[in-house]
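Just so it is clear, the model here is predicted, and its values are computed rather than measured. Basis for what follows: all heavy atoms, side chains included, without hydrogens, waters or symmetry-related copies. Throughout, numbering of the chain's residues begins at 1 and tracks the sequence.
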Amino acid sequence: MKFIENILSGEYKNILEQLSEDVVLDLQTVGTSKGKTSGIELLRKQTEYLKDEVKEVNILKVFEDKEHLVIEYDILLNNTFDLPLVAILVKDGDRFNAIRTYHSVYPITEGHIFRAAIFSKEIMLTEPQEVVKYFDAISIGSTEATMQTLSFKDDVYFREPAGWRWNHKTELGLKEHFDHFFADGGVPLKFHNYIFDKDKGTFAGEYTCDKWGSATFKAQAGISIYDINKTTGKITGIRVYDNVDMNYK
């Protein structure tokens with residue numbers, strides 16, 4: 001599906017014909033809806049939000065499992081910054097019955113907009129092994145344990161939600177990043193859904209974040225995506241899509 005492309009061109013029919021009648025949309029910054037009728041209005045709001053900001057739309061990666069299709073976008077803005085955006089489409093036969101989008105608003109507004117938690121049921125992640133170890137490590141705020149899950153021979157990187165201006169690479173650069181990241185303690189994320197494309201070696205986990213070090217705040221939704229070396233299992237790339245702000249008490 002050309003989701004963002006059709007939104008920007010106003011071709012809502014091309015989107016709606018691929019959705020189930022009771023489709024649930026949960027789109028970053030513009031809200032939620034259920035059913036095609038109210039979905040049209042939400043798609044229009046998304047168009048209004050993005051139409052004057054976007055210069056060029058590029059697809060970074062597409063991957064899937066039996067229940068989901070994931071489209072990662074690299075959107076170039078008129079202000080010359082990039083807007084990483086991901087769309088999660090939930091399969092329902094030959095249609096989709098839910099679409100969720102995640103992105104930071106910082107590249108557009110240089111600020112944050114509260115995004116409430118989407119899910120209530122928490123799950124335990126069991127795969128892939130090195131990604132599970134990574135989450136365990138960031139939960140306790142251990143730079144050393146986190147670094148052990150990364151594949152430096154694959155030029156591993158960590159891209160922050162606000163875009164490629166905040167991309168961390170090299171062993172020294174990533175150590176400095178995680179030392180800063182964990183300066184006040186760990187980040188114990190609560191997971192609710194995941195997509196693991198074993199053929200492409202890419203994993204995505206949808207989470208809620210309500211604690212960072214000693215700070216607690218309103219529960220907020222996000223997703224992080226991990227490319228994996230299929231031979232070693234180590235992480236080769238991390239891309240985060242959220243708008244988490246600790247100031248929402």
Side-chain angles (χ1 to χ4, degrees), residues 60-72 84-90 100 102-104 117-119 121-161 164 166-171 173-182 185-213 219-244:
L60 174 65
K61 193 162 193 174
V62 178
F63 59 98
E64 63 185 320
D65 64 11
K66 292 181 179 180
E67 299 178 352
H68 310 83
L69 174 67
V70 182
I71 308 171
E72 287 185 87
L85 184 151
V86 63
I88 312 299
L89 293 84
V90 182
R100 299 183 288 274
Y102 299 88
H103 65 84
S104 169
I118 296 173
F119 303 95
K121 183 180 179 181
E122 189 174 352
I123 62 171
M124 182 69 69
L125 295 177
T126 59
E127 61 172 355
Q129 184 177 359
E130 292 298 324
V131 175
V132 173
K133 289 180 180 178
Y134 171 88
F135 293 136
D136 290 342
I138 69 170
S139 292
I140 62 174
S142 171
T143 295
E144 181 181 359
T146 301
M147 298 280 282
Q148 289 175 0
T149 68
L150 308 180
S151 181
F152 290 98
K153 72 175 185 178
D154 290 303
D155 202 21
V156 62
Y157 65 88
F158 181 110
R159 191 208 63 201
E160 296 188 38
W164 293 103
W166 289 275
N167 186 37
H168 306 278
K169 301 183 71 172
T170 77
E171 190 164 357
L174 283 160
K175 182 180 185 304
E176 291 177 345
H177 166 65
F178 286 113
D179 281 345
H180 176 73
F181 201 65
F182 303 139
V187 188
L189 303 175
K190 298 176 181 177
F191 283 90
H192 310 284
N193 182 57
Y194 75 89
I195 302 99
F196 185 20
D197 188 326
K198 296 182 180 180
D199 291 333
K200 293 188 176 179
T202 301
F203 172 95
E206 292 180 274
Y207 58 79
T208 295
C209 182
D210 60 6
K211 181 177 175 60
W212 193 318
Q220 295 164 66
I223 186 171
S224 49
I225 296 178
Y226 304 80
D227 291 328
I228 300 160
N229 182 310
K230 290 189 287 184
T231 300
T232 66
K234 299 289 186 181
I235 298 168
T236 65
I238 300 170
R239 299 177 294 279
V240 182
Y241 300 84
D242 68 25
N243 206 40
V244 172

Worksheet item: Looking at residues at least two apart in the chain, or sitting in another chain, which of them share a ring-ring contact (aromatic ring centres under 6.0 Å, His included) with F178?
Response: F158, F182
Worksheet item: Between the side chain of K175 and the main-chain N/O of H177, is any donor-acceptor distance below 3.5 Å?
Response: no
Worksheet item: Under 6.0 Å between ring centres, would you say that holds for F135 and Y226?
Response: yes
Practice prompt. Would you check if the side chain of K190 reaches a backbone N or O of K121 as a donor-acceptor pair within less than 3.5 Å?
Written response: no
Item to complete: Quick one: list whatever passes side chain to side chain donor-acceptor pair (under 3.5 Å) with Q220, sequence neighbours left out.
Response: none
Discussion item. If I take atom CZ from residue F191 and atom CD from residue E206, how far apart are they, to the nearest 0.5 angstrom?
Written reply: 10.5 Å
Worksheet item: Is a side-chain N or O of K211 found less than 3.5 angstrom from the main chain of G186, in a donor-acceptor match?
Response: no
Discussion item. Tell me if a side-chain donor or acceptor on D65 pairs with a main-chain N or O of E67 at a distance below 3.5 Å.
Written reply: yes
Practice prompt. Report yes if some heavy atom in the side chain of K61 is under 4.5 Å from a heavy atom in the side chain of D227; otherwise report no.
Written response: yes
Fill in: Main-chain N/O of F181 paired with W212 side-chain donor or acceptor, under 3.5 Å
yes
Practice prompt. Mind checking ring-ring contact (aromatic ring centres under 6.0 Å, His included) for F152 and listing every partner two or more places apart, or none if nothing turns up?
Written response: none
Discussion item. Nearest 0.5 angstrom please: H168 NE2 to E160 CD, how far?
Written reply: 3.5 Å
